[in-house]
Amino acid sequence: MVTPAPYSPGLEGVVAGPTAISSVEDGLRYRGYAVGDLCTRATFDEVAYLLIHGELPKAKELQGFAERVAMARRLPEPVKQLFPAMPKWSVPLDLLRTAVSALAHFDQDAADNSHEANVRKAERLLAQMPVIIADQHRVNAGLQPIAARQDLNHSANFLWMLRGVEPTAEDVKALDVSLILYAEHEFNASTFAARVIVSTLSDLHAAVVGAIGALKGPLHGGANEKVMDVLKSAGGPGTAEAWTHAALARKERIMGFGHRVYKSGDVRAAILKDYCVARAVTPELRDWETTAEIIEGIMASQKGMYPNLDWPAGRLYHAMDLEIPLYTPMFAMSRIAGWAAHVIEQLDNNRLIRPRALYTGAPARDVVPLADRG
Ligand code: ACO
């Protein structure tokens with residue numbers, strides 16, 4: 001038997017495999033490109049292409065990709081019928097999980113694990129996930145779904161499908177930057193879950209369903225939905241300081257702070273914060289930003305802890321008038337690019353992921369027959 005490596009709680013610091021998709025050693029880089037550079041010089045569509053296909057697209061490649069994705073922005077009728085059939089209280093992220101699972105039945109490549117089929121499925125899911133999120137959101141609000149537009153990019157089309165009005169350039173850019181920052185992050189919990197699933201030679205849809213399940217928790221993607229709860233509980237600039245001290249004294253976790261990998265700050269949070277500040281154009285939004293600043297100051301000085309990406313993302317989406325239950329699904333409609341890239345990478349060079357456990361149970365003992373157990 002192979003001698004196990006030393007145990008690290010939460011697998012902290014454990015290198016669980018190689019990847020050529022992203023690195024966190026020198027700020028976050030996707031295939032060598034710094035995320036800040038990508039936010040300035042590329043769109044989410046280009047970044048999704050980079051992650052799924054391996055290189056930034058040339059103009060013609062981007063055009064072909066955008067056309068394929070735009071054409072795939074529709075759902076089979078039975079998947080659409082799921083939304084009105086579900087209880088009103090269904091959580092949007094759970095509906096996304098269910099709908100992605102249902103989509104597998106309609107995808108003719110579903111069981112094909114070749115590189116080419118996985119790329120085709122990745123592009124389709126990239127196109128379909130925003131449709132699921134927007135359609136179910138509107139149906140739940142008693143509104144008619146709005147057909148996707150083929151002339152808009154990922155971010156603009158999503159805002160169009162949600163609202164049915166032409167999105168502003170500022171909204172599209174802010175959303176696009178947030179989606180670029182959410183797109184990929186090496187072996188985070190949901191991506192690792194996806195890799196574990198396909199390492200058994202399961203398939204992309206199954207991996208994405210599992211990844212959505214892992215993303216849901218508030219220690220991972222669910223945190224962006226909790227950020228406004230934190231700010232509302234803090235009450236505003238006048239009460240934020242006392243509230244934060246009291247919450248820390250109660251040993252509460254302040255959602256949107258801390259990170260397993262980044263102990264001195266998350267570069268993504270710093271990038272997106274500028275968009276929150278620019279967006280804070282009303283006294284109420286400026287108050288949320290001031291409240292956030294106060295909490296950040298106390299977290300840094302008292303806990304040596306800094307915001308992660310969810311901290312500005314929750315505020316930005318709120319400032320854009322997007323409803324809170326959309327935030328984690330929006331994370332998913334970006335991270336699908338990273339999940340798919342990892343599934344493709346795993347299957348291109350697969351070995352079953354099967355670690356060992358540190359046994360902490362009862363010592364070896366004999367089975368006492370039922371009649372003698374008292
Ligand atoms: N607020 C207050 N205290 C915290 C926070 C926080 N946000 N995060 C960690 N701590 C404390 C813990 O209570 C613990 O204290 P203790 O040693 O006194 O028990 C200590 O810091 C270490 O915590 P761990 O959970 O062991 O740290 P880990 O590196 O495993 O956790 C995590 C990382 C899960 C992100 C954590 O910081 C957290 O729970 N943050 C809040 C949730 C969140 O924002 N998640 C989003 C992650 S980023 C993303 O998905 C884009």
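Counting starts at 1 for both ligands and their atoms, in listed order. Side-chain atoms are counted along with the backbone in the values below, which use heavy atoms only and exclude waters and symmetry mates.
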Open item on the list: Under 3.5 Å between any N/O of Leu309 and any N/O of ligand 1: does that happen in this structure?
Closed with: no
TODO: Fit a plane to each ring of Tyr49 and His53, take the angle between them on a 0 to 90° scale, and name the class: parallel (under 30°), tilted (30 to 60°) or perpendicular (over 60°).
DONE: parallel
- [ ] Report, as yes or no, whether the 6.0 Å neighbourhood of atom CG on Asp366 holds more than 12 heavy atoms from other residues, nucleotides or ligands.
- [x] no
Open item on the list: As a test of the contact definition, would atom 19 (O) of ligand 1 count as having a protein heavy-atom neighbour under 4.0 Å?
Closed with: no
TODO: Starting from atom 35 (C) of ligand 1, locate the nearest protein heavy atom and write down its residue, its atom name and how far away it is, to 0.1 Å.
DONE: Gly258 O, 3.8 Å
- [ ] Identify, for atom 6 (C) of ligand 1, the protein heavy atom at the shortest distance, and state residue, atom and that distance.
- [x] Ile254 N, 3.5 Å
Open item on the list: Among all protein heavy atoms in this structure, tell me which lies nearest to atom 46 (C) of ligand 1, with the distance rounded to 0.1 Å.
Closed with: Asp310 OD2, 3.3 Å
Task: Closest protein heavy atom to atom 28 (P) of ligand 1, given as residue, atom name and distance to 0.1 Å - done: Arg260 NE, 3.7 Å
TODO: Indicate the ring-plane relationship of Tyr317 and Tyr327, choosing parallel, tilted or perpendicular according to the 30° and 60° boundaries.
DONE: perpendicular
Open item on the list: Just to be sure I read this right, does ligand 1 sit under 4.0 Å from the backbone of Met299, its side chain, both, or neither, counting only heavy atoms?
Closed with: side chain
TODO: Report the member of Arg253, Met305, Lys303 with the shortest heavy-atom distance to atom 24 (P) of ligand 1.
DONE: Arg253
Open item on the list: Check Glu184 with Arg31, please: is the shortest side-chain N to carboxylate O separation under 4.0 Å?
Closed with: no
Open item on the list: I'd like to check the salt bridge (Lys or Arg N to Asp or Glu O under 4.0 Å) partners of Asp37; sequence neighbours left out, ordered by chain and number.
Closed with: Arg41
Task: atom 44 (O) of ligand 1: any protein heavy atom closer than 4.0 Å - done: yes
Task: For atom 40 (N) of ligand 1, the protein heavy atom that lies nearest, with its residue and separation - done: Phe257 O, 2.8 Å
Open item on the list: When you measure from atom 8 (N) of ligand 1 to the protein, is at least one non-hydrogen atom found at a distance under 4.0 Å?
Closed with: yes
Open item on the list: Distance under 4.0 Å to a non-hydrogen atom of Pro218: what atoms of ligand 1 satisfy this?
Closed with: 42 (C), 43 (C), 45 (N)
- [ ] Please check if a non-hydrogen protein atom sits closer than 4.0 Å to atom 22 (C) of ligand 1.
- [x] no
Task: Those atoms of ligand 1 less than 4.0 Å from some heavy atom in Met255 - done: 41 (C), 42 (C), 44 (O)
Task: Contact partition for Lys263 relative to ligand 1, non-hydrogen atoms under 4.0 Å - done: side chain
Open item on the list: Please work out, at 4.0 Å between heavy atoms, whether the side chain, the backbone, both, or neither of Leu219 comes within that distance of ligand 1.
Closed with: both
Task: Pair Lys121 + Asp112, salt bridge at N-O below 4.0 Å - done: no
Task: Any Gly256 heavy atom less than 4.0 Å to ligand 1 - done: yes
TODO: Using a strict 4.0 Å threshold on nitrogen-to-oxygen distance, state whether Lys232 and Asp229 make a salt bridge.
DONE: no
Task: Within residues 240-254 or reaching into it, pairs that qualify as side chain to side chain donor-acceptor pair (under 3.5 Å) - sequence neighbours excluded - done: His245-Gln302, Arg250-Glu252
Open item on the list: Could you check whether Glu46 and Thr43, counting side-chain N and O atoms only, form a donor-acceptor pair closer than 3.5 Å?
Closed with: yes
Task: Contact with ligand 1 for Glu252, non-hydrogen, under 4.0 angstrom - done: yes
- [ ] Examine the side chains of Asp348 and His115 and answer whether a donor and an acceptor come within less than 3.5 Å of each other.
- [x] yes
Open item on the list: Regarding ligand 1, does Lys251 bring an N or O atom to under 3.5 Å of one of the ligand's N or O atoms?
Closed with: no
Open item on the list: Any donor-acceptor pair under 3.5 Å linking the side-chain atoms of Glu186 with those of Thr19?
Closed with: no
Open item on the list: Yes or no, since that's all I need: does a protein heavy atom fall within a distance strictly under 4.0 Å of atom 16 (P) of ligand 1?
Closed with: no
TODO: Assess whether ring pair (Phe, Tyr, Trp, His ring centres under 6.0 Å) is satisfied between Tyr262 and His185, documenting all intermediate values.
DONE: CA-CA 12 Å; Tyr262 304 124; His185 213 197; 5.3 Å; yes
Open item on the list: Ala223 versus ligand 1: do any nitrogen or oxygen atoms come within less than 3.5 Å of each other?
Closed with: no
Open item on the list: Would you say the rings of His137 and Phe158 are close, in the sense that their centroids are separated by under 6.0 Å?
Closed with: no
Open item on the list: Counting non-hydrogen protein atoms only, what is the nearest one to atom 50 (O) of ligand 1? Give residue, atom name and distance.
Closed with: His220 ND1, 3.1 Å
TODO: Evaluate the 4.0 Å heavy atom contact test for atom 3 (N) of ligand 1: does a protein atom fall under the cut-off?
DONE: yes
Task: Ala122 versus Leu204, closest heavy-atom pair with distance - done: N-CD2, 3.7 Å
Task: Heavy-atom protein contact below 4.0 Å for atom 26 (O) of ligand 1 - done: no
